[in-house]
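The structure under discussion appears below in the form of structure tokens.
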Amino acid sequence: MFPPRWRFSWDRCTEVDLFTDRHTLSQAISAAAAEEPDADGSVLYGQLKGTVVGLKYYTGVVNKGEMVGLVREPQNPYDSNAVKVTNIYGSQVGHIKRQLAAAMAYVMDKTLAKVEGVVYSGTNNAFSMPVILSFWGKEENKNAVTEAMVRRGFKLDTGGIKLAGANQTSSNSPGAWTMASKKGLTTRLTANELKNAFDNLFEGLMESKDGEKEAAESVSTPLLLHQKQALSWMCARENKCALPPFWEKRGELYYNSLTCFSAKEIPERVRGGILADDMGLGKTLTTIALILTNFQKGKPLPVEKCEEQSSPRKASTKSQMVSKPEGSSSAGDGAGGSDTAAGSLCADSAKMEVICVDTPDVVEKADKSEKSAGKGKMKATKRKPSKEAPVLLEDLDFAAALCGSSSDTAFKKKKTTVKAGPSQSVESSIIESADDLSARTTLIICPLSVLSNWLDQFEQHVQADVKLNVYLYYGSERNRSKKFLSSQDVVITTYNVLSADFGNKSPLHGISWLRVVLDEGHVVRNPNAQMSKAVLDLKAQRRWILSGTPIQNSVKDLWMLVAFLRLKPFDAREWWNRVIQRPATQGEREGLQNLQTLVKCITLRRTKSSEVNGRPLVCLPEKTVCVEQVELSQPEREEYELARNEGRNTISRYMAEGTVLRNYADVLAVLMRLRQHCCHPDLLAKTSSDLGVAATPAELREHLIEKLRLVLASGSDEECSVCLDSIHLPVITHCAHVFCRPCIAKVISTEEETARCPLCRTEIKTNELVEFPQEEIEEENSANSVKWRTSSKVQALMGNLLRLRCEDSSIKCLIVSQFTRFLNVLETPLREHGFSFVRLDGTLSQKKRAQVIQEFQSSGADSPTIMLLSLKAGGVGLNLTAASHVFLMDPAWNPATEEQCIDRCHRLGQKRNVFVTKFIVKDSVEENMVKIQRKKQDLVEKAFGSTNTNRKTSRIDDIKALMEL
DNA sequence: ACCGCCGGGTGCC
DNA sequence: ACCGCCGGGTGCC
């Protein structure tokens, strides 16, 4: 008779269905994940052999070599020091033995160390097993932890634990021995190699993916070759049952080769991935094609054709004119739902049926009879709305209109278009039972700025006679009925609406979606943000992330994407940190390799310069960039020199005193004035140039506001030193440093009594933060419009514009400046010479912005030929392909900003060659700025190893160069 | 449960 | 016999 031999733990594989409670479990994991401390800078204090006990009481299973989680359990009734041991899915395996648990509890509770466990040898009985514990944390806590452990009789071994009888070379990398076979290959990567590796993480992911696939008939736009490849790849990712990376089947079990976890159940397949093509390659079109082409079981989405009522009925005006319901107010994303939205549109390139649901009211339908022309052109004509059309598609009020009005007939009609599958609402169903065929709807979440683009593209790329139910879930009037939403083909909403709904009996979270698509997915980055939680909590069979820039700063950002895709087990932050992030960022080849494998498995990325079969994906027209030197007139030159000498004196003094940082705002002010001189004297306006000592609080405040104004207006894209992002809700401290209000408020509240400025360590208080008064922005405009004068740069521009108009009056131009006041100045000569122009700057509401763009993009005879564009207006993604000439009036600090701006017209859809003219004033600060730009492009050191302070110091070096000091 | 620990039974070899 | 030793009962925290 066999002794009651212990069985290998995976034999004991529990019958408990890990997946029954999967939803809440994954929720719990994501919740815990968000709190996981950042592992990047941590060091290994040492390791310790410990014991896991109580195995027989729990169902969680572990394998030889598997990583386990260690979780404090202060509420344990038997021992408040309890530390429980879990496997990758969070099922409990046992406890750490009492005395050791007491010692660990101390360091864990004080967050002196993060302890990680690996069960290197499995167990040889049913009651307990050994575990290797690795203690990680900040360098400065190392001694405290070591001592605390010694005091309780546990000595941390720093030499790596010798495993009796094991042939692994022990290494100081935890879990390195899981890769038992790889010996001696533990040289670390240098910071530089690492950076290159990260930068290239998303490159070369093209390969020969899965061939090509034609889109369903209902897609009207023919796909380009690379788009067919993408479609094929996406369909394959949705339909094939391939295991996620690092999982393999071993006999009856599924085994993860990185964590050594195994389970009877197949790991949740990742049906989806990251489409990370460069902007302009047609991610939107490809996604639309996916929606129409790959419904359940690989079949196309069943759609109905519109009946032949589309007999052209005097279709002079196009589609979507909808009367605007009163009460729908203006811009702003509708976190609270300020304006707009909802409706269902029968999207088709020709006809747009506007259907509304709640309020019965008027609906206008219009047909377009022209045959579908090429997209760009068609769009243009379509966008030539007659004057009667009160509201345009891009106008978000359109959405409000959609929902604000409805006719019963329209509603019914729409209903008929719903190919009513078993469209029973399925809220109660367990997510992702792969065969849940009742899910119909694709949910698209995007930033507000591209919402209209999606609507546009659906309209543009779907066959005219196909009825596709697209519902815009936006605005206070949105239809929150789950039944309604889950009967749509597509529901589009914004990140803000999603997170506003979240936790507020959100219908979006109660629906089992067929597919969820995160557009510009990189915007979801901070795992603590409400938005991230809202996104992670969506239930869907298939998940996609679209992004042109998948890694913005670091590997860290990738976690959100991986978690969203539910890539087991990395959707729990701990496993991501242990297995991927920390090893990779600390230069372990294995870690990096795993990261690369992972990314490769789930990502498709092509760049503008990628090639298929030796041919570029897209052929953009040529782009020519030239610099036009501008000579200042004699009086301008004299004024400039005066200002320059004055500024040099000021800055030299700061340099000598070593107070450049403290007076940073003043320094910027000097540079600012010089740059303004180069453009036009009127830009200088009123400047309280005497920056003397402020006597009264009111004066101080005035000064600070002035400084803030200068910093903000300087176009230097100042970043907040706390979050290192662009400044959001700027405030200035009494020591004249600018931060985001939330950031500095956090600093003050954490440091309490003794809060100091992060930059100069002066004491700061919340009530001393000065904000920029809103009214001031307006009041400026009136000041300088008295009598207009020209400047050398204005002359140079006008010369070009007049010449171009002579050559070809259809040419459209972008005129770009960082100074909106300069744009004001330019309006006068443009009017004088009879140019028809529009203006796009940051002050425009979303609604106006869309109007302006549409007007400009239109090809009508009376459409504007010039757009005055403020450099930072609008985000990427702005489509201004109507323009073929770009005039950059003044150099930017950051050449990437200029590139981005140029790319707004030099992108897919551009039919003409593009000419870019940069105006640079000879012998001026502008020339030096250009030199610095070049230097910056050469230096690729920015991201790694450079701290906030040395970014600032490099800025000081820049200043020296600019002032020729 | 092939250990450790506890506590009762026991007591030269 | 206020010890040691033996062997049965027992067992996470």
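Proteins come first, then strands; the chains are lettered A, B, ... in the order of their sequence lines, and each starts at number 1. Quick note: numbers below take in every heavy atom, side chains included, and nothing from hydrogens, waters or symmetry partners. Model, not experiment: these values are computed from the prediction.
No hydrogens or angles were tested; on distance alone, nothing pairs the side chain of A:D79 with the base of C:dC13 as donor and acceptor under 3.5 Å. One N or O donor and one acceptor, one from the side chain of A:Y58 and one from the base of C:dC12, sit under 3.5 Å apart.
Applying the salt bridge (Lys or Arg N to Asp or Glu O under 4.0 Å) test to A:R237 and every residue at least two apart in sequence or in another chain returns nothing.
Atom pair A:F127:CZ and B:dC3:P shows a separation of 13 Å (rounding to whole Å applied). Across the protein-nucleic acid pair, A:K97 atom NZ and B:dG4 atom P stand 9 Å apart, rounded to whole Å. Computed from coordinates, the A:L55 CG to C:dG11 P distance equals 16 Å when rounded to whole Å. In this entry the distance linking NE2 of A:H95 with P of C:dG11 reads 17 Å, nearest Å. Rounded to whole Å, atom P of C:dG11 lies 7 Å from atom OH of A:Y57.
Scanning residues 98-109 of chain A for heavy-atom distances under 4.0 Å to DNA chain C yields A:R98.
Using a distance-only test at 3.5 Å, with no hydrogens or angles considered, a donor-acceptor pair links the side chain of A:T603 to the main chain of A:V599. With A:Q92 contributing its side chain and A:G94 its backbone, the two residues share a donor-acceptor pair below 3.5 Å. A distance-only check finds a donor-acceptor pair linking the side chain of A:S257 to the backbone of A:F246 [under 3.5 Å]. For the pair A:W575 (side chain) and A:G69 (backbone), a donor-acceptor distance under 3.5 Å is absent.
Distance noted for atom C1' between B:dC6 and B:dA1: 15 Å (whole Å). Taking atom C1' in both B:dC2 and C:dC13, one finds a spacing of 25 Å when rounded to whole Å.
Using N1 to N3 plus N6-O4 or O6-N4 for Watson-Crick, or N1-O2 and O6-N3 for G-U wobble, each under 3.5 Å, C:dG11 pairs with B:dC3.
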Side-chain donor-acceptor distances from residues 101-112 of chain A under 3.5 Å, at least two apart:
| unit_1 | atom_1 | unit_2 | atom_2 | d |
| --- | --- | --- | --- | --- |
| A:D109 | OD1 | A:R72 | NE | 2.7 |
| A:D109 | OD2 | A:R72 | NE | 3.3 |
| A:D109 | OD2 | A:R72 | NH2 | 2.8 |

